[in-house]
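What follows is a set of notes on a single structure, which appears directly below.
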Amino acid sequence: GTIVALVFLYVPLAVVVIYAFNDSVAQAWPPQGFTTKWFELALGDEAMRSALWNSVKVATVATAIALVLGSAASFAVHRFAFFGRQAVSFLLVLPIALPGIITAMALRTGINTFEIPFSLWTIMIGHSTFCIVVVFNNVIARLRRTPTSLVEASMDLGADGWQTFRHVLLPQIA
């Protein structure tokens with residue numbers, strides 16, 4: 001079962017990589033020759049380089065936002081008992097439970113409602129909403145598996161909150 005799933009995922013990727021180096025303009029099997037001209041053409045195009053650079057910026061900022069907000073939210077939900085804790089947890093997980101197009105339409109409506117101009121920042125916020133879910137789920141799962149005795153022992157030995165986070169919790173969630 002696992003091997004079939006991995007083949008199903010990776011064979012199409014391997015075919016795309018093979019075609020990327022195919023010398024023929026048309027998709028022909030077997031490949032007609034080996035070339036890197038398609039990469040040279042892509043990197044020679046200013047619009048392509050700009051799009052690639054924008055993708056790198058969006059990925060970097062969205063990841064940073066997601067790591068900070070997703071981790072902070074998971075620590076808050078895990079550590080503190082407060083009114084609406086389950087609702088906060090549900091709202092954080094909701095973007096992954098809904099189809100992506102629904103979340104995207106909701107974000108678009110919100111951006112239009114508040115008359116925020118579309119920009120690279122709105123794209124970063126949109127990507128962050130999906131990434132926060134992944135960070136939140138992974139961090140809270142690790143926190144639930146971390147024995148509270150480790151945190152208590154660290155505090156008993158004189159570590160403050162940041163030292164406990166850095167030396168005990170961060171390695172556990174990493």
Atom [atom1] in [X], atom [atom2] in [Y]: separation rounded to 0.5 Å?
X: Leu98; Y: Met105; atom1: CG; atom2: CE; result: 11.0 Å
X: Thr113; Y: Arg108; atom1: OG1; atom2: CZ; result: 10.5 Å
X: Thr146; Y: His78; atom1: OG1; atom2: NE2; result: 7.0 Å
X: Ser71; Y: Leu169; atom1: OG; atom2: CG; result: 11.0 Å
X: Met155; Y: Thr148; atom1: CE; atom2: OG1; result: 12.5 Å

State yes or no: do [X] and [Y] share one hydrophobic cluster built from I, L, V, M, F, W and Y residues joined by side-chain heavy-atom distances below 4.5 Å, directly or via other members?
X: Phe39; Y: Trp53; value: no
X: Phe136; Y: Leu94; value: no
X: Val88; Y: Val139; value: no
X: Val61; Y: Val133; value: yes
X: Ile125; Y: Phe130; value: no

Gln32 side-chain N/O to Pro30 backbone N/O, donor-acceptor pair under 3.5 Å: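 Pair found, side chain donor or acceptor close to backbone of Pro30.
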Take atom [atom1] in [X]; do more than 12 heavy atoms of anything else shown fall under 6.0 Å from it?
X: Phe8; atom1: CZ; result: no
X: Leu6; atom1: CG; result: yes
X: Phe34; atom1: CZ; result: yes
X: Ile101; atom1: CD1; result: no
X: Phe82; atom1: CZ; result: yes

If every non-hydrogen atom of [X] is compared with every non-hydrogen atom of [Y], which pair is closest and at what distance?
X: Leu143; Y: Ser74; value: CD1-O, 3.9 Å
X: Ile140; Y: Asn137; value: CG2-O, 3.6 Å
X: Thr122; Y: Pro117; value: CG2-O, 3.6 Å
X: Ala62; Y: Cys131; value: O-CB, 4.4 Å
X: Ala159; Y: Thr164; value: CB-OG1, 3.6 Å
X: Arg49; Y: Leu43; value: NH1-O, 2.6 Å

Residue pair Glu40 / Thr36, side-chain donor-acceptor N/O under 3.5 Å: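 Short answer, yes.
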Test log, rule side-chain contact (heavy atoms from CB on, under 4.5 Å), inputs Arg142 and Arg145: CA-CA 5 Å; Arg142 295 297 296 210; Arg145 285 185 295 213; 3.0 Å; yes
Working for side-chain contact (heavy atoms from CB on, under 4.5 Å), residues Asn22 and Ile18: CA-CA 7 Å; Asn22 188 2; Ile18 290 169; 6.0 Å; no
Mind checking whether [X] and [Y] have side chains closer than 4.5 Å, heavy atoms only?
X: Arg85; Y: Phe80; value: no
X: Val16; Y: Tyr19; value: no
X: Trp121; Y: Ile116; value: no

Inter- and intrachain pairs under ring-ring contact (aromatic ring centres under 6.0 Å, His included), touching residues 155-174, at least two apart: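 ring-ring contact (aromatic ring centres under 6.0 Å, His included) check on residues 155-174 returns Phe75-Phe165.
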